[in-house]
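What follows is a set of notes on a single structure, which appears directly below.
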Amino acid sequence: MNILAIETSCDETSAAVLSENNGVVEVVSNIVSSQIDIHKEYGGVVPEIAARHHVKNITPVIMESLETANMKPVDFDFIAVTSGPGLITSLIVGVEAAKSLGVAWNKPVMEINHMYAHLAANFLNNKINFPAIALVVSGGHTELILIEDYNQFKKIGQTVDDAAGEAFDKVAKLLDLGYPGGPIVSKRAMAGDVKRFALPRPMQGSGDFNFSFSGLKTAVLYKLKEIDLQNEQDVNDMCASFEQAVVDVLIKKTIAAAKKFGAKTVFMAGGVAANKKLRQELEAAVKEQSLDFFVPEFQYCTDNAGMIAIAAYYLAKEKMPTMDNWQKIKADPNWELE
Ligand code: KG4
Ligand code: ZN
């Protein structure tokens with residue numbers, strides 16, 4: 001089976017090719033054109049600008065993906081594309097490209113839920129023991145998902161305000177460190193003292209599986225008003241103290257959910273899953289419970305079309321899209337409605 005996948009939900013224009021031969025699944029190309037440098041100067045993604053760059057990049061990115069994989073349109077079984085959630089002006093570019101290619105090449109198109117794809121990145125050539133608990137942490141989402149099978153999942157908790165990645169981005173802004181904040185804050189944190197500043201662990205003992213990160217950001221703001229950070233080490237210590245607070249809450253709730261739902265496996269997904277401290281400490285906590293732990297390779301953590309292709313493959317194994325049914329097949333359109 002060969003799949004062409006397209007992702008344009010935020011500020012990355014991406015196209016990937018996945019091939020399956022005799023049960024061996026491989027992402028043979030995963031081209032990502034990032035706009036981070038363009039949005040950096042605004043301190044966040046500007047939807048209008050993102051959409052215009054998707055329009056400019058979408059065709060070259062798709063062509064490069066085909067060339068890298070050494071494939072022609074005729075080789076594909078179908079096209080997969082992110083249809084939500086995301087910035088609507090960005091999503092439209094990818095969806096329209098996929099649908100146009102579908103008509104031109106006479107191929108079915110499968111719509112994929114972006115958050116499901118972040119999760120599905122863990123499925124690639126791994127033997128998964130269900131049920132699993134997935135911690136999905138990105139710039140827009142912080143969710144705990146109960147997964148009972150490849151395409152059976154239910155949201156059991158989420159942030160009530162800011163997402164974890166958003167908190168990293170906002171704290172980076174407060175510290176004047178640039179955008180996106182996650183990679184910068186975590187790099188500075190490596191040289192910092194996690195115990196230097198006492199910060200809260202919001203909702204850690206709330207008894208449910210929801211999160212809140214906006215108070216933590218405000219706590220950092222108050223600390224900055226109280227203490228004048230004098231040097232680079234002070235900034236590193238603030239980054240380390242903040243990162244530890246986020247990691248502690250995420251781990252505590254994920255392990256509590258795994259216990260409550262009798263999970264055999266714990267996954268992590270989304271851009272914040274690239275965070276080394278979170279990867280290491282969550283893995284240690286999961287292994288302590290004798291459960292399986294999976295986190296995608298770095299290249300499949302932040303937004304990319306490879307994960308869209310992987311999600312499409314697992315859905316197609318259940319039901320292959322055809323020219324007659326493709327409008328109906330999509331990965332859980334109700335994800336946001338639960
Ligand atoms: O999944 P993603 O690429 O895009 C969304 O769908 O949101 O996630 C981007 C988010 C940003 O907020 C970024 O700051 C955060 O992931 N991020 C990190 C790290 N790398 C990216 N957060 C913490 N530590 C990192 N190493
Ligand atoms: Zn994402």
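Atoms within a ligand are numbered from 1 in the order they appear, just like the ligands themselves. No experiment lies behind these values; they were computed from the predicted model shown. Position 1 is the first residue of the sequence; numbering continues from there.
- If you number the atoms of ligand 1 from 1 as listed, the ones under 4.0 Å from a heavy atom of Thr302 come out as 3 (O).
- The protein heavy atom nearest to atom 24 (N) of ligand 1 is Asn275 ND2, 3.0 Å.
- The closest side-chain heavy-atom distance from Gln35 to Glu12 is not below 4.5 Å.
- The neighbour count for Met63 CE, taken as heavy atoms of other residues, nucleotides or ligands under 6.0 Å away, does not exceed 12.
- The atoms of ligand 1 that sit less than 4.0 Å from any heavy atom of Gly140 are 7 (O).
- Here the heavy atom of the protein found nearest to atom 13 (C) of ligand 1 is Asp169 OD1, 3.9 Å.
- Using a 4.0 Å cutoff on heavy atoms, His118 counts as a contact of ligand 1.
- Taking the side chain as every heavy atom from C-beta outward, Ser241 and Lys195 never approach each other to under 4.5 Å.
- Regarding atom 3 (O) of ligand 1, its nearest protein heavy-atom neighbour is Asp303 N, 3.2 Å.
- Here the protein heavy atom with the shortest distance to atom 15 (C) of ligand 1 is Val272 CG2, 3.9 Å.
- Between the side chain of Lys154 and the main chain of Ile145, no donor-acceptor pair closer than 3.5 Å is present.
- Using a cut-off of 2.8 Å, one finds that His114 contributes an N/O/S atom close to the Zn ion (ligand 2).
- In this structure, Arg279 forms a cation-pi arrangement with Phe298, its terminal cationic atom sitting closer than 6.0 Å to the ring centre and no more than 45° off the ring axis.
- At a 3.5 angstrom cut-off on N or O pairs, Gly182 counts as close to ligand 1.
- Listed for the Thr265 side chain is no donor-acceptor partner under 3.5 Å among the backbone atoms of Ala132.
- Heavy atoms only, all atoms of each residue included: His53 and Thr13 are closest at O-OG1, 4.4 Å.
- At a cut-off of 2.8 Å, Cys10 is not counted among the residues with an N, O or S atom near the Zn ion (ligand 2).
- Those atoms of ligand 1 with a heavy atom of Gly165 less than 4.0 angstrom away are 12 (O).
- A salt bridge links Asp234 and Arg196; the closest N-O separation between the charged side-chain nitrogens and carboxylate oxygens is under 4.0 Å.
- With distances taken over non-hydrogen atoms, the option nearest atom 5 (C) of ligand 1 out of Ser186, Gly271, Gly139 is Gly139.
- The ring of Phe294 has its center no closer than 6.0 angstrom to the ring center of Phe123.
- Smallest separation of non-hydrogen atoms from Pro200 and Ala245: O-CB, 3.7 Å.
- The N, O or S atom of Asp303 lying closest to the Zn ion (ligand 2) is OD1.
- Only the side chain of His114 comes within 4.0 Å of ligand 1, judged by heavy-atom distances.
- Counting heavy atoms under 4.0 Å from ligand 1, residue His141 does not touch it at all.
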